[in-house]
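Below, all heavy atoms of this structure are taken into account, side chains as well, without hydrogens, waters or symmetry copies.
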Amino acid sequence: MDIIFHHPTFDASFWLERLQQQLPQARLRVWQEGDNQPADYALVWRPPVAMLNGRRGLKAVFALGAGVDSILSQLREHPGMLAQGVLLYRLEDTGMGLQMQEYAVSQVLHWFRRFDDYQRLKSQCRWEPLEEYQREDFTIGVLGAGVLGGKVAESMVSWGFPVRCWSRSRKHYPQVASYAGAEELPAFLAGTRVLINLLPDTQETRGIINRDLLQQLVRGAYVLNLARGTHVVEDDLLAALDDGQLNGAMLDVFSREPLAPESPLWRHPRVAMTPHIAAVTRPQEAIAWIRAAIRAIENGDRPGGEVNLKRGY
């Protein structure tokens with residue numbers, strides 16, 4: 001089989017060497033401009049349109065990450081970029097679930113123990129023990145309950161917090177209350193103290209974390225965004241922080257990356273941030289998953305991680 005590879009920042013030689021070890025029968029190459037030679041599979045991140053446009057014979061395209069929004073946005077502009085019948089896959093977990101759990105648990109505990117409040121007191125040279133939060137009042141709500149959202153929700157249960165999730169369709173995770181559909185979103189938000197966003201990036205979810213949604217959370221709530229910056233209306237988030245509706249926000253993703261130096265998010269005292277590192281692609285896990293997926297396809301099966309092009313995830 002023939003496999004073409006493109007990633008704007010990954011070390012291609014590193015990836016191809018390890019892919020060859022896992023798929024010794026494959027012929028691997030880095031795609032170059034003008035390469036129209038046959039290929040059975042494409043491994044990509046932010047691929048040039050010319051790499052896939054009209055390419056016949058492809059069985060599947062694998063996005064080298066959990067998100068496929070860049071490819072889907074290209075498809076909206078170039079509907080013929082994927083030939084009919086070509087499957088699109090996103091990486092399922094491949095070590096990202098554990099990374100998301102680490103990030104979410106550490107931040108929730110940081111807020112629960114009021115370390116952010118103590119840091120603000122420190123800046124004022126104030127020695128002032130604060131009233132403790134109670135677990136039963138510290139409800140965690142996870143927006144988006146797919147593979148990664150489900151893992152984050154389950155990790156919160158192990159710390160004794162009340163946990164709920166919301167998604168397009170109802171999910172079933174032990175000790176996690178499940179809400180589904182637009183009609184159940186208000187009930188999900190009511191009583192939620194920490195909102196963790198792990199939604200897919202779709203037309204329906206862009207701008208979902210806005211003034212109206214934030215006002216439905218418990219006053220003094222927290223927002224942790226681990227999905228996409230386009231989900232958050234940044235002006236509404238800042239306004240909710242300023243008026244006390246939110247006590248804090250932790251942001252790993254932004255509508256523009258890198259975040260512009262003039263953005264007020266940099267300077268807001270109740271905003272913490274990281275540069276889109278909550279969960280990164282780990283080569284060994286990713287390559288093992290791709291190998292298994294390709295073998296499944298070659299055997300006539302459909303592995304997990306297939307993207308529904310109409311739904312956008």
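- Between Ile297 and Pro303 there is a side-chain heavy-atom pair separated by less than 4.5 Å.
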*Criterion side chain to side chain contact (heavy atoms under 4.5 Å, CB included) on Leu148 and Met96, from CA distance to verdict*: CA-CA 7 Å; Leu148 298 180; Met96 295 181 190; 4.0 Å; yes
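- The local environment of CD in Glu102 is crowded, with over 12 non-hydrogen atoms from other residues, nucleotides or ligands closer than 6.0 Å.
- By the 4.0 Å N-to-carboxylate-O rule, Arg193 lies too far from Asp137 to be salt-bridged with it.
- Panel note: side chain Arg267, backbone Glu262; a donor-acceptor pair is recorded below 3.5 Å.
- Placement of Val147 and Leu91 in two distinct hydrophobic clusters is found when ILVMFWY residues are connected by side-chain heavy-atom separations under 4.5 Å, directly or transitively.
- Residues Trp159 and Val105 are in side-chain contact: their nearest non-hydrogen atoms beyond the backbone lie under 4.5 Å apart.
- No more than 12 heavy atoms of other residues, nucleotides or ligands lie within 6.0 Å of CD in Gln203, so this atom counts as exposed by the packing criterion.
- Leu58 and Ala42 make their closest contact through CD2-N, 3.9 Å (heavy atoms, listed as atom of the first residue, atom of the second, distance).
- The hydrophobic cluster containing Met1 does not contain Met51, counting ILVMFWY residues as joined when their side-chain heavy atoms lie under 4.5 angstrom apart, directly or transitively.
- Contact of the Asp93 side chain with the Lys151 side chain is registered, since non-hydrogen atoms from C-beta on lie closer than 4.5 Å.
- Inter-residue side-chain proximity for Asp236 and Leu213 is flagged as unmet; no heavy-atom pair is nearer than 4.5 Å.
- Gln245 places no side-chain N or O within 3.5 Å of a backbone atom of Ala221 that could act as its donor or acceptor partner.
- Cation-pi geometry between Arg114 and Tyr133 is met: the NZ or CZ atom falls under 6.0 Å from the ring centre, inside 45° of the normal.
- Of the inter-residue distances, the one linking Gln32 atom CD with His6 atom NE2 reads 10.0 Å to the nearest 0.5 angstrom.
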*Take Glu132 and Arg113 through the test salt bridge (Lys or Arg N to Asp or Glu O under 4.0 Å) and record every step on the way to the result.*
CA-CA 7 Å; Glu132 293 183 349; Arg113 292 301 304 271; 5.4 Å; no
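- Of the inter-residue distances, the one linking Leu189 atom CG with Thr139 atom OG1 reads 12.0 Å to the nearest 0.5 angstrom.
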*List the steps and the verdict of side chain to side chain contact (heavy atoms under 4.5 Å, CB included) for Leu198 and Leu143.*
CA-CA 6 Å; Leu198 281 161; Leu143 269 177; over 6 Å; no
_Could you go through Arg29 and Asp35, starting from their C-alpha distance and side-chain angles, then the distance that decides it, and tell me whether this counts as side chain to side chain contact (heavy atoms under 4.5 Å, CB included)?_
CA-CA 10 Å; Arg29 69 182 189 272; Asp35 177 355; 2.7 Å; yes
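- Between Phe5 and Phe10, the ring centre distance reaches or exceeds 6.0 Å.
- When all heavy atoms of Phe62 and Ala293 are compared, the closest pair comes out as CE2-CB, 3.7 Å.
- Hydrophobic clustering of Ile, Leu, Val, Met, Phe, Trp and Tyr side chains at less than 4.5 Å, counting indirect connections, unites Val232 with Leu199.
- Between Glu204 and Arg168 there is no salt bridge, since no side-chain N of the basic residue sits under 4.0 Å from a carboxylate O of the acidic one.
- Without hydrogens or angle criteria, Gln216 side chain to Asp212 main chain gives a donor-acceptor distance under 3.5 Å.
- Look at Asp235 and Arg211 and you find no salt bridge, because none of the NZ, NE, NH1 or NH2 atoms lies under 4.0 Å from a carboxylate O.
- Put simply, the side chain of Met250 does not reach to within 4.5 Å of the side chain of Val223, judged on heavy atoms.
- For the pair Ser263 (side chain) and Leu259 (backbone), a donor-acceptor distance under 3.5 Å is absent.
- Between Arg90 and Trp289 the shortest heavy-atom distance is O-CH2, 3.5 Å.
- No continuous path of ILVMFWY side-chain contacts below 4.5 Å connects Val49 to Leu43, so the two sit in separate hydrophobic clusters.
- The minimum heavy-atom distance between Leu226 and Val253, with the atom names listed, is C-CG2, 4.4 Å.
- The distance from the SG atom of Cys165 to the CD atom of Glu154 is 9.5 Å, given to the nearest 0.5 Å.
- Side-chain contact check for Thr274 and Tyr103: at least one donor-acceptor pair (N or O, by modelled atom type) lies under 3.5 Å.
- Here CD1 of Ile209 is found 5.5 Å from CG of Leu195. Values are rounded to the nearest 0.5 Å.
- A distance of 11.0 Å separates CG in Leu251 from NE2 in His268, rounded to the nearest 0.5 Å.
- At distances below 3.5 Å, at least one donor-acceptor pair connects side-chain atoms of Ser178 with backbone N or O atoms of Lys171.
- With a 6.0 Å cutoff to the six-membered ring centre and a 45° limit on the axis angle, Arg311 counts as a cation-pi contact of Tyr313.
- Scanning all heavy atoms of the two residues, the minimum distance from Ala104 to Ile196 falls at CB-CD1, 4.4 Å.
- Aromatic ring orientation, His7 versus Trp45: parallel (interplanar angle below 30°, classes split at 30° and 60°).
- Panel note: side chain Asn299, backbone Arg295; a donor-acceptor pair is recorded below 3.5 Å.
- Gln175 is not listed as a side-chain neighbour of Val163, based on a closest heavy-atom distance of 4.5 Å or more.
- The aromatic rings of Phe138 and Tyr222 sit tilted, their planes meeting at an angle between 30° and 60°.
- Under the 3.5 Å distance criterion, with hydrogens and angles disregarded, a donor-acceptor pair is assigned to the side chains of His231 and Asn197.
- The side-chain heavy atoms of Thr94 and Ile287, taken from C-beta on, include no pair separated by under 4.5 Å.
- At least one donor-acceptor pair closer than 3.5 Å links the side chain of Gln20 to the backbone N or O of Ala26.
- Within the model, atoms NE2 of His110 and CZ of Phe115 stand 7.5 Å from one another, a figure rounded to the nearest 0.5 Å.
- Between the side chain of Gln22 and the main chain of Arg291, no donor-acceptor pair closer than 3.5 Å is present.
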*Determine, stepwise, if the pair Val30 / Leu16 fulfils side chain to side chain contact (heavy atoms under 4.5 Å, CB included).*
CA-CA 8 Å; Val30 176; Leu16 264 59; 3.9 Å; yes
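- No side-chain N or O of Arg55 forms a donor-acceptor pair with one of Asn36 less than 3.5 Å apart.
- Inter-residue side-chain proximity for Val271 and Leu241 is flagged as met; some heavy-atom pair is nearer than 4.5 Å.
- Between Asp69 and the choices Gln74, Arg206, Arg228, the side-chain hydrogen bond (donor to acceptor under 3.5 Å, both in side chains) rule is met once, by Arg228.
- Residue Arg56 qualifies as open at atom CZ: its count of foreign heavy atoms under 6.0 Å is 12 or below.
- With hydrogens and angles disregarded, no donor-acceptor distance shorter than 3.5 Å links the side chain of Trp111 to the backbone of Asn247.
- The closest donor-acceptor contact from the side chain of Tyr89 to the backbone of Ile290 lies at 3.5 Å or more, if one exists at all.
- Taking all atoms of both residues into account, the shortest heavy-atom contact from Val68 to Ala63 is CG1-CB, 3.7 Å.
- When the side chains of ILVMFWY residues are joined at heavy-atom separations under 4.5 Å, either directly or via intervening members, Ile3 and Leu19 end up in a single hydrophobic cluster.
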